[in-house]
Amino acid sequence: MDFKLSKTHLLQQEMYRKFAENEVKPLAEEMDETEVYNLDLLAKMHKYGLMGIPYSKEYGGVGGDYLSYALCMEEVSKVDGSTGITISVHTSLCCSCIDSFGTEEQKQKFLRPLIDGSKTGCFGLTEPNAGSDAAGQQTTAVYDAETDEYIINGGKIFTTNSGFADTNICFALTDKKLGTKGISAFVVPLKDEEGNAYPGVTVSENIKRMGIRAASNCEVSYENVRVPAANRLGKEGAGFKIAMKALDGGRIGIAAQCVGLAQGALNEAMAYVKERKQFGRPISAFQTTQFKLADMQTKIDAARLMTWRAACIKDAGENYGPAAAMAKLFASDMANNVCREAVQLMGGYGYCREYPVERALRDAKITEIYEGTSEVMKMVISGAMKVNAK
Amino acid sequence: MKIVVCIKQVPDTNEVKLDPKTNRLIRDGVPSIINHDDKAGIEAALQLKERVGGTVTVVCMGPPQADVALREALAMGCDDAYLLSAREFGGSDTCATAIIISSALKKIGYDIVFTGRQAIDGDTAQVGPQIAENLGIPQVSYTEELIDVTDETITVKRQYEDRYHIIEAPLPCLLTAIQELAEPRYMHAGGIIDAYAKDITVWGFEDLKDVINPDHIGLMGSPTKVVTSFGKMPKGAGTKLEVTPEEAVEAIIAKMEERHII
Ligand SMILES: Cc1cc2nc3c(=O)[nH]c(=O)nc-3n(C[C@H](O)[C@H](O)[C@H](O)COP(=O)(O)OP(=O)(O)OC[C@H]3O[C@@H](n4cnc5c(N)ncnc54)[C@H](O)[C@@H]3O)c2cc1C
Ligand SMILES: Cc1cc2nc3c(=O)[nH]c(=O)nc-3n(C[C@H](O)[C@H](O)[C@H](O)COP(=O)(O)OP(=O)(O)OC[C@H]3O[C@@H](n4cnc5c(N)ncnc54)[C@H](O)[C@@H]3O)c2cc1C
């Protein structure tokens with residue numbers, strides 16, 4: 001067992017850290033205030049490979065692994081949670097579906113532009129009436145034999161990146177009678193070649209939220225949207241499996257986002273307690289402060305190790321689902337606690353928008369909800385433990 | 001066009017501390033980076049390659065750990081890398097360093113050589129010019145902008161104390177880069193993976209033996225002998241006067257006269 005990062009990983013970590021510090025951090029506060037993601041920044045992330053890390057060079061990706069991707073997620077999330085989720089949804093929810101389940105032709109056509117820097121992706125599973133119970137999909141896709149197309153009708157909610165994304169993975173029922181086996185996955189363009197809305201697709205305004213406010217997060221509705229049958233990923237009925245697989249991997253990214261949010265908040269608090277004087281000395285001189293920071297760092301490290309372990313299991317090609325769920329469950333709880341303590345350590349100033357820990361605390365909350373709530377994580381973990389099996 | 005960039009790995013600090021006992025730089029625990037001017041040289045070289053084609057080679061003399069500086073340069077887009085590393089090279093001063101690097105350059109070949117103007121740790125600004133002298137090629141120091149390049153010449157803007165010089169030099173030639181020359185790009189994430197898949201050529205003394213005189217390198221071959229080195233003495237607290245501007249002028253002039261400065 002070796003807990004050391006390889007040289008390649010260390011150099012990547014350094015690069016992601018510099019990129020985050022120099023490019024993302026200066027924009028984070030403004031993006032949060034305006035609730036608009038900076039598209040020049042997005043273009044820069046594409047340019048330097050941040051949007052295609054765990055994908056093969058054969059298709060224009062970076063050729064890194066999931067651990068590399070987790071390192072990137074941590075570094076960007078240290079300075080901005082919204083940037084973390086923007087990368088995560090594109091990488092581990094959208095691209096992974098095509099990478100894992102697409103044919104060679106689909107990979108060339110859909111995956112390549114997503115990871116070589118020209119397009120951005122999103123993932124539409126959640127519907128107003130199908131959240132944790134994702135099997136309760138109501139969006140339908142009806143096959144039209146005459147044109148060899150599917151006609152999609154329905155609506156998705158909370159589709160991250162949809163405000164600017166080009167490519168969406170949409171899940172829809174091809175057979176209502178079959179339950180989860182009746183769900184199929186489709187690559188649906190959100191824009192046509194000219195950059196206008198794809199016929200039948202409507203993307204709402206950004207949904208007003210508590211945190212990760214810079215991320216684009218909208219409702220996407222489909223009205224007689226026609227896509228070629230060649231856009232279906234896997235067989236008819238394979239959609240639910242595809243979604244669950246993507247979310248398993250996505251959770252590693254979210255766990256890394258949590259580690260980043262927490263470490264970023266801790267770093268801010270550390271700098272602050274050394275400067276801030278009360279009762280005639282820096283508040284870092286109080287043992288309660290020292291012990292609190294020691295506890296925070298310990299929990300961050302534990303979450304980081306769980307995250308890296310899940311990534312390594314995935315990279316080794318083994319069953320990583322339960323490890324990823326545990327990493328996300330623990331890390332999201334940790335991030336909420338650590339960010340809250342960071343605000344506490346900084347007193348009234350920590351509560352002000354001028355200081356980034358306030359944003360980190362708001363951003364941290366969503367990590368217990370998206371890509372499966374903490375309760376859903378416990379279902380996954382206890383299921384793998386076979387707690388309820390005879 | 002064959003472009004070569006000489007890069008030095010330096011401690012990441014502008015405030016290099018000296019060990020009070022040995023008077024040597026304390027390098028332990030200080031992360032290493034590519035010297036800032038040299039990084040600007042890499043960027044300028046890559047931009048030049050994008051403009052006129054060719055290859056960019058990076059060369060570094062240093063201990064085996066300097067490998068990471070070369071990997072970084074490769075990840076930015078350089079094509080190949082040489083590490084000059086040997087026990088015999090240790091303790092080289094600027095003169096010996098330039099001899100070693102120029103010997104390697106003779107073997108590697110070049111049309112344009114970039115060095116930084118100066119290294120943030122040694123700070124002598126001597127190595128670049130000495131390399132050019134050893135190779136017998138023209139040099140332009142303080143290069144701030146590459147204006148034009150043809151197969152035979154390069155035209156650059158050179159920063160000078162109170163003006164700029166526009167200089168045209170025949171190729172091959174050596175340019176010493178200042179930070180203003182170019183804003184370095186980030187490494188590309190995929191470039192990092194490629195950088196570690198590539199081989200870095202490591203040349204020791206044996207590999208340069210035929211072009212290098214062993215008496216001119218290393219500690220023994222270095223004409224510079226460091227007698228003593230020391231940090232700056234901290235200045236005293238100074239005197240603060242709460243006076244009007246007129247009174248301040250009087251007081252300052254009186255002090256300068258008292259010290260025979262004026
Ligand atoms: C900012 C943001 C971004 C998102 N991005 C995306 C995206 O890109 N793509 C996408 O498809 N979705 C996305 N989502 C949706 C997200 O994954 C869902 O919100 C999440 O899965 C929870 O679903 P829900 O909101 O319908 O809550 P519900 O499922 O209604 O859950 C409400 C509460 O009930 C609990 N609960 C539900 N069932 C059980 C049970 N059986 N036992 C115990 N407790 C239970 C839940 O844990 C939760 O606490 C995003 C959401 C947000 C807010
Ligand atoms: C282990 C060690 C021992 C030393 N011992 C002595 C000593 O005993 N006596 C002494 O006088 N000095 C000694 N030095 C200092 C050494 O001579 C200088 O650091 C070196 O010659 C470069 O000079 P500089 O830093 O002033 O670089 P400058 O001349 O300021 O550098 C200008 C440019 O030259 C190029 N360059 C410089 N060094 C290198 C390099 N190594 N590889 C590639 N390109 C380079 C870079 O492009 C740089 O930007 C020692 C240094 C080291 C690391």
Side-chain angles (χ1 to χ4, degrees), chain A residues 4-26 40-41 43-76 83 87 90-91 95 112 114-117 315, chain B residues 7 9-14 29-36 38-40 42-43 46-47 49-50 58 60 62-81 83 85 120 179 182-200 202:
Chain A
K4 273 193 184 151
L5 291 176
S6 73
K7 287 179 177 175
T8 327
H9 289 117
L10 281 171
L11 198 56
Q12 284 185 78
Q13 187 182 47
E14 185 186 319
M15 180 255 169
Y16 300 136
R17 185 171 299 162
K18 278 195 188 139
F19 185 92
E21 280 290 322
N22 300 336
E23 305 295 331
V24 185
K25 194 176 180 180
D40 293 336
L41 173 60
K44 261 188 199 160
M45 299 198 297
H46 273 296
K47 177 176 168 193
Y48 286 105
L50 274 63
M51 304 296 277
I53 296 169
Y55 299 108
S56 163
K57 287 196 180 280
E58 207 186 320
Y59 301 107
V62 158
D65 50 18
Y66 240 69
L67 182 57
S68 312
Y69 163 64
L71 293 173
C72 175
M73 281 296 293
E74 176 179 342
E75 292 307 325
V76 298
T83 295
I87 295 177
H90 167 89
T91 306
C95 296
R112 179 176 287 286
L114 285 166
I115 58 182
D116 76 2
D315 287 332
Chain B
I7 64 170
Q9 196 187 38
V10 294
D12 183 9
T13 169
N14 291 316
V30 185
S32 295
I33 54 167
I34 297 176
N35 184 46
H36 302 307
D38 308 2
K39 222 167 166 177
I42 295 174
E43 178 62 36
L46 292 171
Q47 288 178 13
K49 173 186 153 179
E50 282 155 13
V58 271
C60 177
Q65 301 89 285
D67 177 82
V68 64
L70 292 167
R71 303 280 176 194
E72 185 177 342
L74 291 173
M76 286 171 73
C78 296
D79 298 283
D80 47 7
L83 176 64
S85 195
I120 57 170
Q179 270 188 73
E183 173 74 28
R185 65 193 67 189
Y186 294 97
M187 293 177 266
H188 186 279
I192 297 174
I193 311 280
D194 292 340
Y196 274 98
K198 275 188 184 165
D199 288 325
I200 284 180
V202 182

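Because the structure is predicted, anything quoted here is derived from the model rather than measured. Reckoned from all heavy atoms, side chains included, excluding hydrogens, waters and symmetry mates. Here is the naming used below: chain letters follow the sequence lines, and residue numbers restart at 1 for every chain.
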Toward chain B, the part of K57(A) with a non-hydrogen atom under 4.5 Å: side chain

M76(B) to P184(B) - nearest heavy-atom pair and separation: CE-CB, 4.0 Å

Residue Y196(B) versus chain A: region with a heavy atom under 4.5 Å: side chain

Residue pair Y186(B) / K44(A), side-chain heavy-atom distance below 4.5 Å: no

Short side-chain to backbone donor-acceptor contact, Y55(A) and T91(A), under 3.5 Å: yes

Aromatic ring pairing H188(B)/Y48(A), orientation class (parallel under 30°, perpendicular over 60°, tilted between): tilted

Largest heavy-atom contact set with chain A, pairs under 4.5 Å, which of D67(B), V68(B), I193(B): I193(B)

